[in-house]
Amino acid sequence: MRIATWNVNSIRSRVDRVTDWLVRSDVDVLAMQETKAREDQFPHERFRELGYEVAHHGLSQWNGVAIVSRVGIEDVQIGFDGMPGWGDPVAAEARAIGAVCGGVRIWSLYIPNGRTLEDPHLLYKLDWLGALADAGRGWLAAEPSAPIALLGDWNIAPFDEDVWSVPFYEGRTHTSPRERAAFQAVVDAGFADVVRPHCPGPGVYTYWDYVQLRFQKGRGMRIDFALCSPALAARVTGAAIDREERKGKGASDHAPVVFEIAD
DNA sequence: ATGGTAGAAAATCTA
C-alpha cells in the first residue's frame, strides 16, 4: 500500500495538479493539509470519480485537513482528545482528521506555524504538539501493536541539516530548541520518522518558500513528516519525496512525501 | 529595484 502526505496550499486552486499526481503516483491514501476550504467548498467529486473516498474537515479559508483513500475510510475522527484551540473565543481549528484506511489509522495533521518566537501562536504550537504526544502515547498504551501513521506538515525542522541555512533561521521559528523538543516528544511517544532512512540528508527538503527563487536556488526545509507506530514502521519498504512536483507554475510550496508498506 | 510570492477574501491576514 502506498501512503502519502502533502500540504496542497488550497485544494481549489490545485485540484487538477493534485488529482493528476495522485493517479500518476499510484497512491492509495493521501493525507492533505491546508485545503483552505470549508466542507461545502471541497471538490469531493473530483476524487470520487477517480475511485477515492474523501474525509475532509474545513471550517474557513484557513487550515483544513483531508484524507482521500481507495482502500476504504472508516471511523473518521475530527481532532483528537485534548487538542488545544485558538482564537477569541478559543475554538478548535481544522488541523487534525483521522480515519482507518486499509487497516491503518491515518492522521492528517497541520501543526500550528508559531509565527514568531515571541508570538502566543508559538505557545499554541508547543501545547498542540504536547497534546498530540500525550494522545499518541495513550493510543499505543491501549494497543501497543496498533498501526498508526501521523502524517502532515509539522512546521518544524528537527535537525540542522533540515534547513538550507542554519544562521537564517536563528531567532525564527521552526528550528528553536523548544520546537525541536516538542517534535522529539512525539517521536519519544513511539512514532518514528519512516522517510528519513530512505531519503537521508543533508539538502533533502519538502518545502521551499515561494519568495526569492528559493526552490530554484535549492533553499528549502524538511518540515513534512510521516511518523509511524512501531508495528507500522516495521512494515515500511521504501519512501520518497517528490520534489519534481514542486516545479513549474501552479505548484504548492510543499512537495508530496510518499512511503510504501507491505500488506 | 524602495520590493520580494502565493492564496484566501474583501482590506488585510496567513504562511
Side-chain angles (χ1 to χ4, degrees), chain A residues 5-21 31-44 46 56-66 84-96 108-129 151-158 162-165 167-176 178-179 182-183 205-225 243-257:
Chain A
T5 182
W6 193 4
N7 179 322
V8 297
N9 188 14
S10 169
I11 190 58
R12 284 175 288 167
S13 70
R14 232 172 305 286
V15 64
D16 290 346
R17 225 176 144 126
V18 171
T19 51
D20 286 353
W21 179 85
M32 286 179 267
Q33 302 84 38
E34 277 208 276
T35 60
K36 291 185 170 177
R38 295 188 310 267
E39 185 55 24
D40 59 292
Q41 296 173 314
F42 190 92
H44 292 83
R46 295 294 304 278
H56 174 246
H57 178 48
L59 299 171
S60 68
Q61 70 271 39
W62 307 123
N63 313 309
V65 282
W86 176 253
D88 184 17
V90 173
E93 296 187 299
R95 294 183 178 275
S108 180
L109 306 168
Y110 180 44
I111 282 72
N113 175 284
R115 299 179 183 166
T116 70
L117 293 181
E118 300 77 29
D119 197 295
H121 209 259
L122 183 78
L123 297 177
Y124 173 45
K125 179 180 195 172
L126 298 173
D127 285 348
W128 205 97
L129 282 163
L151 313 178
D153 175 359
W154 296 72
N155 272 315
I156 292 172
D162 297 333
V163 295
W164 63 274
S165 166
F168 179 83
Y169 286 100
E170 272 175 26
R172 301 174 191 257
T173 60
H174 291 58
T175 61
S176 72
R178 281 189 298 173
E179 290 167 276
F183 181 89
Y205 308 128
T206 65
Y207 162 84
W208 298 260
D209 198 319
Y210 286 123
V211 303
Q212 296 178 323
L213 300 174
R214 287 275 168 74
F215 180 70
Q216 292 83 343
K217 293 177 178 173
R219 298 178 170 180
M221 313 173 79
R222 193 203 295 247
I223 58 174
D224 300 88
F225 297 100
R243 68 182 296 284
E244 289 297 306
E245 192 54 34
R246 179 61 180 79
K247 294 181 178 177
K249 195 170 171 59
S252 169
D253 42 0
H254 294 253
V257 178

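Keep in mind the model is a prediction, meaning the values are calculated, not measured. Chain letters run A, B, ... following the sequence lines, proteins first, then strands; residues in each count from 1.
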Undergrad: Using whole Å, what does the distance between atom C1' of nucleotide B:dT14 and atom CG of A:L122 come to?
TA: 16 Å
Undergrad: Starting at NE2 of A:H254 and ending at P of B:dA6, how long is that distance when rounded to a whole Å?
TA: 14 Å
Undergrad: When the C1' atoms of B:dT12 and B:dA1 are considered, how many whole Å apart are they?
TA: 25 Å
Undergrad: For B:dT14 and B:dA9, measure between their P atoms and round to the nearest Å.
TA: 14 Å
Undergrad: Distance check needed: B:dA15 P versus A:I223 CD1, whole Å only.
TA: 12 Å
Undergrad: Once you round it to whole Å, what is the distance between P of B:dA15 and NE2 of A:H174?
TA: 9 Å
Undergrad: Return the set of residues passing ring pair (Phe, Tyr, Trp, His ring centres under 6.0 Å) with A:F42 (not counting sequence neighbours), or none when no residue passes.
TA: A:H44, A:F47, A:H56
Undergrad: How close or far is atom P of B:dA15 from atom NZ of A:K125, stated in whole angstroms?
TA: 10 Å
Undergrad: Does A:Y110 have any ring pair (Phe, Tyr, Trp, His ring centres under 6.0 Å) partners at least two apart in sequence or in another chain, and if so, which?
TA: none
Undergrad: So that I can tick it off, tell me whether A:R219 and A:D209 are bridged by a salt bridge, with the cut-off set at under 4.0 angstrom between side-chain N and carboxylate O.
TA: no
Undergrad: Sugar-phosphate means primed atoms, P, OP1 and OP2; the rest is base. With that split, encode nucleotides 8-13 of chain B 5' to 3' as B, S or - using protein heavy atoms under 4.0 Å.
TA: SS---B
Undergrad: Please state how far atom CD in A:E34 lies from atom P in B:dT14, giving the value in whole angstrom units.
TA: 12 Å
Undergrad: Does A:F168 have any ring pair (Phe, Tyr, Trp, His ring centres under 6.0 Å) partners at least two apart in sequence or in another chain, and if so, which?
TA: A:W164
Undergrad: Provide, to the nearest angstrom, the distance between the NZ atom belonging to A:K249 and the C1' atom belonging to B:dT5.
TA: 11 Å
Undergrad: Whole angstroms only, please: what is the CG-P distance between A:N113 and B:dA6?
TA: 19 Å
Undergrad: Select from A:N155 and A:A251 the residue whose nearest nucleotide in DNA chain B is closer to the 5' end of that strand.
TA: A:A251
Undergrad: Name all pairs fulfilling the salt bridge (Lys or Arg N to Asp or Glu O under 4.0 Å) condition that reach into residues 110-122 of chain A, sequence neighbours left out, sorted by first residue then second.
TA: none
Undergrad: Using atom C1' of each nucleotide, how far apart are B:dG7 and B:dT2 to the nearest Å?
TA: 25 Å
Undergrad: In chain order, what residues pass the ring pair (Phe, Tyr, Trp, His ring centres under 6.0 Å) check against A:H57, with sequence neighbours excluded?
TA: none
Undergrad: Considering only heavy atoms, which members of residues 205-215 of chain A lie under 4.0 Å from some atom of DNA chain B?
TA: A:Y210, A:V211, A:Q212
Undergrad: According to salt bridge (charged side-chain N to carboxylate O under 4.0 Å, His left out), who are the partners of A:D162, at least two apart in sequence or on a separate chain?
TA: A:R196, A:R222
Undergrad: Check salt bridge (charged side-chain N to carboxylate O under 4.0 Å, His left out) between A:E244 and all other residues, then give those that pass, not counting sequence neighbours.
TA: A:K247
Undergrad: Assign the ring pair A:Y124 / A:W86 to parallel, tilted or perpendicular, where the plane angle (0 to 90°) is split at 30° and 60°.
TA: parallel
